[in-house]
Amino acid sequence: MAQQTDIRAGGASSRPTAHDTSVLDNAVWAALGGPHSHLAERVGRAARYPADVYAFAALADPGDPAAWADLHTLVGPGTTVRIKPVETVPEGWDIVGGGVGVQLVDTSLRAEHAPEAIRLGPDDVPEILDLVARTKPGPFLKRTIELGTYLGIRDRGRLIALAGERIRPPGWTEISAVCTDPAYRGRGLATRLVRAVAAGIRERGDTPFLHAAANNTTAIRLYESIGFTLRRRSPVLLVRSPGTSREATAL
């Protein structure tokens, strides 16, 4: 069962703004119906990001059979998709993988720009994909950079650290893809980039939040030490829709 703590932050413009935390209970759905609606592929009460942007789908109500029917229409038969927060699936759907994630929200982070950080763009995607493959901070795909601002730090031209924005429920922006080349760890690069990304998020009036795998205790401790507070723990499932995919049939 998902566990959560209700956190309402407040304060001056340099501190987290008081936003409704309830949208974070179903953050992907809220983002696809809000700031990221231009990216949404949608059928009724189901939606998803394009597969090369962010491989997640969402339901308006995971307990509604009609929403699952809409998702089946959206993704087609025999298709695997990641979804959260979902604990059980209807008959015919299969759970083929997954884990447990945690959600943390900014309650006392010191946000500040990093002069050494540069904004990354589409031309930087090959380097980003290489760094992500070596450090495994979480999913980053060919078009993930379209979700928001991504900042990097280079050393002699080589990308050595990265952080950026992912899903955007109303009033909130997720910080994601936080990673550092192993040869450069221990220098505070990730923290500087998180603070810099957060500064941009705060400037447009949003509050930063982030997700991590529940077993990634090192990252969770880091985030808590710089001003994030654990809000919620919930499952992340990889599910397969009923039926046989057309590709499988063709084979």
Visitor: For residues V75 and V239: do they belong to one hydrophobic cluster (side chain heavy atoms under 4.5 Å, members Ile, Leu, Val, Met, Phe, Trp, Tyr)?
Guide: yes
Visitor: Hey, are D206 and T173 close enough side-chain-wise for a donor-acceptor pair under 3.5 Å?
Guide: yes
Visitor: Do V100 and V236 pass the side-chain contact (heavy atoms from CB on, under 4.5 Å) test, and can you show the C-alpha distance, the side-chain angles, and the key distance before you say yes or no?
Guide: CA-CA 6 Å; V100 178; V236 180; over 6 Å; no
Visitor: Hey, does P182 have a side-chain heavy atom less than 4.5 Å from the side chain of R134?
Guide: yes
Visitor: Distance from D155 atom CG to I160 atom CD1, nearest 0.5 Å?
Guide: 5.0 Å
Visitor: Indicate yes or no: at least one non-hydrogen side-chain atom of L39 is less than 4.5 angstrom from one of R143.
Guide: yes
Visitor: Nearest 0.5 Å please: distance from the CD atom of Q103 over to the CZ atom of R232.
Guide: 7.0 Å
Visitor: Considering only NZ, NE, NH1 and NH2 on the basic side and carboxylate oxygens on the acidic side, decide whether D25 and R231 come within less than 4.0 Å.
Guide: yes
Visitor: When you compare the side chain of R166 with that of P139, does any pair of heavy atoms fall below 4.5 Å?
Guide: yes
Visitor: For residues L237 and V102: do they belong to one hydrophobic cluster (side chain heavy atoms under 4.5 Å, members Ile, Leu, Val, Met, Phe, Trp, Tyr)?
Guide: no
Visitor: So which atom in H36 and which in L147 form the shortest heavy-atom distance, rounded to 0.1 Å?
Guide: NE2-O, 3.1 Å
Visitor: Are the side chains of V23 and W172 in touch, meaning some heavy atoms are under 4.5 Å apart?
Guide: yes
Visitor: Within the structure provided, determine whether R195 and R110 are in side-chain contact (heavy-atom separation under 4.5 Å).
Guide: yes
Visitor: Answer yes or no: is there a donor N or O on one side and an acceptor on the other, between the side chain of S234 and the main chain of P85, under 3.5 Å?
Guide: no
Visitor: Give a yes or no on whether the backbone of G121 and the side-chain of D124 come within a donor-acceptor separation of less than 3.5 Å.
Guide: yes
Visitor: Has H72 got a side-chain atom pairing as donor or acceptor with P242's backbone, closer than 3.5 angstrom?
Guide: yes
Visitor: Measure the CG-CG distance between D181 and L189 for me, rounded to the nearest 0.5 Å.
Guide: 9.5 Å
Visitor: Does anything in residues 90-99 pair up under salt bridge (Lys or Arg N to Asp or Glu O under 4.0 Å), and if so which pairs, sequence neighbours excluded?
Guide: D94-R240
Visitor: The test is side-chain contact (heavy atoms from CB on, under 4.5 Å); show your working for L32 and R42 and say whether it passes.
Guide: CA-CA 9 Å; L32 287 169; R42 185 166 183 163; over 6 Å; no
Visitor: Side-chain contact, heavy-atom cut-off 4.5 Å: V132 with P137?
Guide: yes
Visitor: For side-chain contact (heavy atoms from CB on, under 4.5 Å), just list the numbers for L120 and I128, CA-CA rounded to whole Å, side-chain angles, deciding distance to a tenth of an Å, and then say yes or no.
Guide: CA-CA 9 Å; L120 303 174; I128 294 172; 3.9 Å; yes
Visitor: So does G76 get a backbone contact from the side chain of S241, meaning a donor-acceptor N/O pair under 3.5 Å?
Guide: yes
Visitor: Decide, yes or no, whether a salt bridge links R221 with E224 under the criterion of side-chain N to carboxylate O below 4.0 Å.
Guide: no
Visitor: Could you give the distance from OG1 (T217) to CG (L222), rounded to the nearest 0.5 Å?
Guide: 11.5 Å
Visitor: With a 4.5 Å cut-off on side-chain heavy-atom distances among I, L, V, M, F, W and Y, is there a chain of contacts connecting L238 to I95?
Guide: no
Visitor: Looking at A198 and P208, what are the two nearest heavy atoms and their distance?
Guide: CB-CG, 3.8 Å
Visitor: Nearest heavy-atom pair of A163 and V197: which atoms, and what distance?
Guide: O-CG2, 3.7 Å
Visitor: Kindly indicate whether the side chain of I201, heavy atoms from C-beta on, has any atom under 4.5 Å from the side chain of E174.
Guide: no
Visitor: Taking side chain as C-beta onward, heavy atoms only, is R185 less than 4.5 Å from T135?
Guide: yes
Visitor: Go through it in stages, so that I can follow the logic: the residues are I83 and L59, the test is side-chain contact (heavy atoms from CB on, under 4.5 Å), and I'd like the CA-CA distance, side-chain angles, deciding distance and then a yes or no.
Guide: CA-CA 8 Å; I83 191 164; L59 304 171; 3.7 Å; yes
Visitor: Which pair of heavy atoms, one from K84 and one from N26, lies closest together, and at what distance?
Guide: O-OD1, 4.0 Å
Visitor: Of the non-hydrogen atoms in G164 and Y150, which two are nearest, and what is the gap between them?
Guide: CA-CD2, 3.4 Å
Visitor: Looking only at heavy atoms, which two atoms of T229 and T107 are closest? And how far apart?
Guide: OG1-OG1, 2.7 Å
Visitor: R192 pairs by side chain to side chain donor-acceptor pair (under 3.5 Å) with which of E112, H113, E116?
Guide: E116
Visitor: Keeping S22 on the side-chain end and D20 on the backbone end, is there a donor-acceptor pair under 3.5 Å?
Guide: no
Visitor: So, do F140 and Y54 have ring centers that fall under 6.0 Å from each other?
Guide: no
Visitor: Return yes if some donor-acceptor pair links the side-chain N/O of D106 with the main-chain N/O of F228 below 3.5 Å, else return no.
Guide: no
Visitor: Between R158 and D130, is there a side-chain N and carboxylate O pair less than 4.0 Å apart?
Guide: no
Visitor: Look up atom CD1 in I167 and atom OH in Y49, then write down how far apart they are to the nearest 0.5 Å.
Guide: 6.0 Å
Visitor: With the 4.5 Å side-chain cut-off for hydrophobic clustering, are L71 and V43 part of the same group?
Guide: yes
Visitor: Apply side-chain contact (heavy atoms from CB on, under 4.5 Å) to P126 and list each qualifying residue two or more places apart in sequence or on a separate chain.
Guide: none
Visitor: Counting only heavy atoms not in R168, do more than 12 sit closer than 6.0 Å to its CZ atom?
Guide: yes
Visitor: Do Y223 and L109 share a hydrophobic cluster, counting only Ile, Leu, Val, Met, Phe, Trp and Tyr and linking them when any side-chain heavy atoms are less than 4.5 Å apart?
Guide: yes
Visitor: Say you draw a straight line from CZ of F209 to OG of S176; how long is it, rounded to the nearest 0.5 Å?
Guide: 9.5 Å
